[in-house]
Amino acid sequence: MIQIICGEKGKGKTKEMLQKATEAVSSAKGDVIYVDKSAKHMYELNNRIRLINICEYPVHTYEGFIGFVSGLLSGNHDIETIFFDSLLTISHSDETSLASLIDILDKLSEGITFVLSISQNASDLPENAKDKVIVSC
């Protein structure tokens with residue numbers, strides 16, 4: 001399942017993501033992962049949440065991001081939820097490739113919840129993403 005938190009930059013998406021991650025880990029039976037472009041929010045997350053600073057890994061392309069996510073999933077079958085903060089930045093995607101990325105993540109998400117933070121208004125999202133919006137900031 002994919003859930004999207006969207007809105008313009010500076011509208012509170014990360015705060016919403018951190019809150020959702022805290023809620024998820026409180027009832028999780030499996031692992032919760034938070035992927036970000038820095039370790040800045042380390043102390044705001046519950047210590048049961050695995051924070052991954054994607055900049056510590058050689059992920060420099062859209063395809064590399066898909067490989068990174070696939071590697072996470074293949075290496076840990078206990079993953080329940082993955083939060084991707086600043087999706088367009090960490091995935092090296094743009095508005096053109098976002099629809100394709102959503103389709104790929106949707107296929108990978110069987111039994112897993114992906115929560116995506118996207119810096120776009122809900123009305124500007126691709127059609128395949130609009131029904132996945134849970135919060136529009």
Side-chain angles (χ1 to χ4, degrees):
M1 170 189 347
I2 294 179
Q3 300 175 345
I4 297 175
I5 298 171
C6 64
E8 295 296 322
K9 287 188 178 197
K11 296 294 183 180
K13 293 180 302 300
T14 296
K15 182 178 178 182
E16 188 72 35
M17 291 276 288
L18 294 168
Q19 181 180 350
K20 296 270 185 212
T22 300
E23 291 169 6
V25 79
S26 69
S27 62
K29 292 178 177 70
D31 295 334
V32 176
I33 298 173
Y34 193 98
V35 181
D36 203 350
K37 61 185 181 289
S38 73
K40 179 174 136 180
H41 301 293
M42 179 185 308
Y43 299 108
E44 297 173 66
L45 290 168
N46 182 300
N47 64 356
R48 288 185 48 223
I49 299 171
R50 166 82 193 276
L51 173 65
I52 298 175
N53 176 359
I54 199 165
C55 294
E56 294 177 355
Y57 299 89
V59 178
H60 305 293
T61 65
Y62 168 85
E63 292 81 9
F65 177 77
I66 299 300
F68 178 82
V69 174
S70 298
L72 283 176
L73 298 176
S74 67
N76 183 348
H77 297 284
D78 295 328
I79 295 173
E80 193 170 302
T81 308
I82 303 179
F83 292 83
F84 295 105
D85 201 356
S86 304
L87 180 71
L88 294 175
T89 301
I90 66 174
S91 68
H92 303 279
S93 298
D94 55 25
E95 295 174 14
T96 309
S97 59
L98 183 57
S100 174
L101 179 61
I102 297 291
D103 285 340
I104 292 168
L105 290 177
D106 208 17
K107 289 176 186 168
L108 293 173
S109 72
E110 187 174 325
I112 298 169
T113 301
F114 290 138
V115 183
L116 317 174
S117 165
I118 302 175
S119 292
Q120 285 185 350
N121 289 320
S123 60
D124 297 332
L125 291 173
E127 288 303 317
N128 66 339
K130 290 181 180 179
D131 64 333
K132 297 169 177 28
V133 174
I134 58 168
V135 177
S136 181
C137 301

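Heads up: numbering here begins at 1 and tracks the sequence. Not measured: the values here are computed from a predicted model.
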For G64 and V59 the tightest heavy-atom approach is C-CG1, 3.8 Å
Passes side-chain contact (heavy atoms from CB on, under 4.5 Å), K20 versus T81? Steps please.
-> CA-CA 10 Å; K20 296 270 185 212; T81 308; over 6 Å; no
So, for V133 and C6, which heavy atoms are closest and what is the spacing to 0.1 Å?
-> CG1-SG, 3.9 Å
Would a distance-only check, ignoring hydrogens and angles, find a side-chain to backbone donor-acceptor pair under 3.5 Å from N128 to A99?
-> yes
In this structure, which one of L125, L116, D124, D103 forms a side-chain contact (heavy atoms from CB on, under 4.5 Å) with L98?
-> L125
Of all heavy-atom pairs linking V69 and F114, the shortest is CG1-CZ, 4.1 Å
Over all atoms of both residues, closest heavy-atom pair of S119 and K9 | OG-CG, 3.8 Å
Side-chain heavy-atom pair F68, I90 within 4.5 angstrom cut-off | no
Any chance the side chains of T89 and K37 put a donor and an acceptor closer than 3.5 Å?
-> no
Q3 side chain vs T113 backbone, donor-acceptor pair below 3.5 Å | no
Roughly how far apart are I112 CD1 and D78 CG, rounded to 0.5 Å?
-> 10.0 Å
Shortest non-hydrogen pair, S109 vs I2, comes out as OG-CG1, 4.5 Å
To the nearest 0.5 angstrom, please state how far the NE2 atom of H60 sits from the CD1 atom of I54.
-> 10.0 Å
Going by the angle between their ring planes, with limits at 30° and 60°, are Y34 and H41 parallel, tilted or perpendicular?
-> perpendicular
Would you say the side-chain atoms of N121 pair up with the backbone N or O of S123, donor to acceptor, closer than 3.5 Å?
-> no
Would you give the length of the straight line joining atom CE of M17 to atom CG of L45, rounded to the nearest 0.5 angstrom?
-> 9.5 Å
If you draw a 6.0 Å radius around CD in E23, do more than 12 non-hydrogen atoms from other residues or ligands fall strictly inside?
-> yes
Treat each ILVMFWY residue as a node, draw an edge where side-chain heavy atoms are under 4.5 Å apart, and state whether L18 and V135 are in one component.
-> yes
Side chains of F65 and I104: does their closest heavy-atom pair fall under 4.5 Å?
-> no
So how far is it from L87 CG to I5 CD1, rounded to the nearest 0.5 Å?
-> 12.0 Å
Are D36 and F83 side-chain neighbours, meaning at least one heavy-atom pair lies under 4.5 Å?
-> no
Is the backbone of E63 close enough, under 3.5 Å, to the side chain of H92 for a donor and an acceptor to pair up by distance?
-> no
Ignoring hydrogens and geometry, is there a side-chain-to-backbone donor-acceptor pair from K13 to C137 under 3.5 Å?
-> no
Side-chain contact test, heavy atoms from C-beta onward, threshold under 4.5 Å: evaluate it for L88 versus Q120 and give yes or no.
-> yes
Could you tell me whether the side chain of I102 reaches within less than 4.5 Å of the side chain of I4, counting heavy atoms only?
-> yes
Quick one: do Y43 and V32 end up in the same hydrophobic cluster if we chain Ile, Leu, Val, Met, Phe, Trp and Tyr together by side-chain heavy atoms under 4.5 Å apart?
-> yes
The reported gap from CD1 in I66 to CG in L101 (rounded to nearest 0.5 angstrom) is 5.0 Å
Same apolar cluster (I L V M F W Y, side chains within < 4.5 Å links), I82/M1 = no
To the nearest 0.5 Å, tell me how far I49 CD1 sits from D31 CG.
-> 11.0 Å
Under a 4.5 Å cut-off applied to non-hydrogen side-chain atoms, are S70 and L73 in contact?
-> no
Shortest non-hydrogen contact between S93 and Y62, atoms and distance | OG-CD1, 3.3 Å
Would you say R48's side chain and V25's backbone share a donor-acceptor pair under 3.5 angstrom?
-> yes
Salt bridge E127-K130, side-chain N to carboxylate O under 4.0 Å | yes
